[in-house]
Amino acid sequence: MMKERFSKLLLGEDMSGSGKGVCTAVTISNAITNLYATVFGQNLRLEPLKPEKKSMWKREMDCLLSVCDYIVEFIPKSQNLQDGTALEVMESRPRLDIHINLPALRKLDAMLMEVLDSFQDREFWYAEQGSMSSKSTLSGSFRRVIVQRKEEKWWVPVPCVPSGGLSEKSRKHLRHKRDCAYQIHKASMAINSSILAEMEIPETYIASLPKSGRASLGDTIYRYLYTADKFSPGHLLDCLNLASEHEALELADRVEASMYTWRRKACLSHSKSSWNMVKDLMSDIDRTDKNHILAERAETLLFCLKQRYPELSQTSLDTSKIQYNQDVGQAILESYSRVLEGLAFNIVAWIEDVLFVDRNQEQ
């Protein structure tokens with residue numbers, strides 16, 4: 001197994017050996033994503049991971065994360081010789097982003113395993129859709145939870161509870177673990193967002209930016225962004241009345257593209273107009289500049305949109321960053337935080353399903 005993993009990393013997933021594979025960063029990112037799918041892809045219930053799956057997750061993640069042990073940065077350090085001469089030498093230490101985020105992600109990982117392990121003994125059980133277990137009853141709960149999911153996840157097992165509902169102790173346990181998983185989800189999302197924000201913007205994305213932010217967003221949104229004295233992103237989203245997450249993601253892509261278009265225009269007149277310095281330049285630009293105001297408001301709107309739709313898929317820019325990223329450390333932190341974010345979100349959803357059935361059972 002180790003030989004296979006090592007070979008795939010070296011070949012960049014190009015089994016022909018012709019050198020047309022992806023870079024190391026993307027290979028490791030894909031390896032973590034694929035490992036998560038292998039271990040958790042069929043785990044759709046609130047129950048401990050099977051021992052072999054848990055062992056596989058720990059063993060292979062330790063192997064992939066061990067790369068971070070060799071990603072260092074050099075800092076100057078004073079050293080005195082025996083004759084009193086002071087020298088400045090370079091000392092290595094773990095790179096700061098890895099030193100801060102990797103231990104936090106490992107802790108979040110362990111906490112999620114603890115949440116799943118806590119459901120070893122439970123009062124509820126599961127029935128595959130369309131086939132109820134012998135313990136279940138044909139009360140309204142089974143059908144209602146399907147309606148709650150809007151038929152989107154028909155493959156997910158449906159939770160069933162006793163005819164009298166769950167005990168108060170079990171409900172308290174479920175709520176506590178839901179809150180824990182929710183906090184883990186927030187922490188993982190925050191780390192993932194910070195890593196993505198630090199990744200370089202690919203040239204392909206820059207080349208695809210619209211020439212006009214107004215044309216990208218449309219006149220209605222543009223006028224509100226530009227003319228509103230007191231900009232309220234929440235009010236704007238209410239007025240847009242987005243009907244689905246697909247529409248929300250489409251809007252997020254357009255807002256983000258417009259934001260970078262306006263940022264680029266705001267920096268064009270600056271002597272350091274290189275795109276790589278845009279983030280540094282934004283602090284030097286006139287705050288009353290039209291493009292700067294529009295870019296700031298677009299950023300606020302994008303942030304509000306992601307808050308309102310926390311389960312929103314990655315935007316085109318995020319996907320592009322991951323695809324073209326060549327920094328191995330960032331690739332590991334981004335993919336690790338992304339899969340933990342996904343697992344935490346699923347656990348919250350599974351617990352909500354059980355509580356939903358329990359509430360309806362009481363009725």
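Atom set for the values below is all heavy atoms of this structure, side chains included, hydrogens, waters and symmetry mates excluded. Quick note: residue numbers are just sequence positions, from 1.
Remark: Arg45 does not engage Asp353 in a salt bridge, criterion side-chain N to carboxylate O under 4.0 Å.
Contact record, Leu237 with Cys304: CD1-SG, 3.7 Å, taken as the closest heavy-atom pair. Smallest separation of non-hydrogen atoms from Thr27 and Gly12: OG1-CA, 3.5 Å. The minimum heavy-atom distance linking Lys265 with Ser212 is given by the pair NZ-CA, 4.2 Å.
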Practice item. In sequence, state the C-alpha distance, the side-chain angles, and the governing distance for Arg178 and Glu352, and then conclude on salt bridge (Lys or Arg N to Asp or Glu O under 4.0 Å). Key: CA-CA 8 Å; Arg178 177 194 59 191; Glu352 287 288 0; 3.5 Å; yes
Point to revise | Verdict with reasoning, Glu168 to Arg175, per salt bridge (Lys or Arg N to Asp or Glu O under 4.0 Å) | key: CA-CA 11 Å; Glu168 191 55 39; Arg175 294 189 194 105; 3.6 Å; yes
Check your understanding: Can you check side chain to side chain contact (heavy atoms under 4.5 Å, CB included) on Ile32 and Met61, steps first, answer last?
Key -> CA-CA 7 Å; Ile32 292 175; Met61 279 304 297; 4.2 Å; yes
Exercise for review: Report the C-alpha separation of Ile322 and Leu196 in whole Å, then their side-chain angles, then the decisive distance to 0.1 Å, and conclude whether the side chain to side chain contact (heavy atoms under 4.5 Å, CB included) test is met.
Suggested key: CA-CA 8 Å; Ile322 295 169; Leu196 282 170; 4.0 Å; yes
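Using a 4.5 Å cut-off on side-chain heavy atoms (C-beta onward), Lys211 and Thr261 make no contact. The shortest side-chain heavy-atom distance between Phe303 and Glu299 does not fall under the 4.5 Å cut-off. Inter-residue side-chain proximity for Ile351 and Leu355 is flagged as met; some heavy-atom pair is nearer than 4.5 Å. Residues Tyr126 and Val354 have side chains in contact (heavy-atom distance under 4.5 Å, counting atoms from C-beta outward). Counting heavy atoms from C-beta outward, Cys180 and His176 have side chains that approach closer than 4.5 Å. Contact annotation: the side chain of Ser78 never approaches that of Leu87 to less than 4.5 Å [non-hydrogen atoms, C-beta and beyond]. A 4.5 Å side-chain heavy-atom check between Met90 and Ile75 finds every atom pair outside the cut-off.
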Would you list the atom pairs, donor with acceptor, under 3.5 Å between side chains in residues 36-43 and any protein atom, with sequence neighbours excluded?
from: Tyr36; atom 1: OH; to: Leu343; atom 2: N; distance (Å): 3.4
from: Thr38; atom 1: OG1; to: Asn34; atom 2: O; distance (Å): 2.9

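Panel note: side chain Ser337, backbone Glu334; a donor-acceptor pair is recorded below 3.5 Å. No donor-acceptor distance shorter than 3.5 angstrom exists from the side chain of Ser170 to the backbone of Leu166, with no hydrogens or angles considered. Side-chain N or O atoms of Arg95 include none that pairs as donor or acceptor with a backbone N or O of Glu73 at under 3.5 Å. Without hydrogens or angle criteria, Asn291 side chain to Arg263 main chain gives no donor-acceptor distance under 3.5 Å. No donor-acceptor pair closer than 3.5 Å links the side chain of Asn325 to the backbone N or O of Lys321. A distance-only check finds a donor-acceptor pair linking the side chain of Ser258 to the backbone of Arg254 [under 3.5 Å]. Of the possible donor and acceptor atoms, one in the side chain of Arg122 sits under 3.5 Å from a partner among the backbone N and O of Phe124.
Taking CG of Leu49 as the start and OG of Ser55 as the end, the distance is 11.0 Å to the nearest 0.5 Å. Put simply, CG on Asn101 and CZ on Arg106 are 13.0 Å apart, with the number rounded to the nearest 0.5 Å. The distance from the NZ atom of Lys177 to the CG atom of Leu174 is 10.5 Å, given to the nearest 0.5 Å. Going from atom CD1 of Ile98 over to atom CD1 of Ile332 covers 6.5 Å, rounded to the nearest 0.5 Å. The distance from the SG atom of Cys160 to the CH2 atom of Trp125 is 6.0 Å, given to the nearest 0.5 Å. To the nearest 0.5 Å, the span separating CE on Met189 from CD1 on Ile191 amounts to 12.0 Å.
For the residue pair Glu256/Thr315, the side-chain donor-acceptor check at 3.5 Å is satisfied. Remark: the Asp14 side chain and the Ser18 side chain contain an N/O donor-acceptor pair separated by less than 3.5 Å. A side-chain donor-acceptor contact under 3.5 Å links Asp109 and Tyr336. Using modelled atom types and a 3.5 Å distance limit, the side chains of Ser167 and Glu123 yield a donor-acceptor pair. A donor-acceptor contact under 3.5 angstrom links the side chains of Thr33 and Arg338, judged on distance only.
For the side chain to side chain contact (heavy atoms under 4.5 Å, CB included) with Leu46, the qualifying choice from Ile347, Asn346, Val115 is Ile347, the only one to do so.
Looking at residues two or more places apart in sequence or on another chain, you find a salt bridge (Lys or Arg N to Asp or Glu O under 4.0 Å) between Asp219 and Arg214.
By the neighbour-count criterion of 12 heavy atoms within 6.0 Å, atom CZ of Phe231 is densely surrounded, having more than that number from other residues, nucleotides or ligands. Within a 6.0 Å radius of CD in Glu247, other residues, nucleotides and ligands contribute more than 12 heavy atoms. Enclosure of atom NZ in Lys54 by more than 12 non-hydrogen atoms of other residues, nucleotides or ligands within 6.0 angstrom is indicated.
Under a cutoff of 6.0 Å and an axis angle of 45°, Lys290 and Tyr226 form a cation-pi pair.
The aromatic rings of Tyr224 and His235 sit tilted, their planes meeting at an angle between 30° and 60°. Between Tyr222 and Trp262, the ring-plane angle classifies as tilted under the 30° and 60° cut-offs.
Other residues sharing a hydrophobic cluster with Ile100 under the 4.5 Å side-chain heavy-atom criterion for ILVMFWY residues are Leu96.
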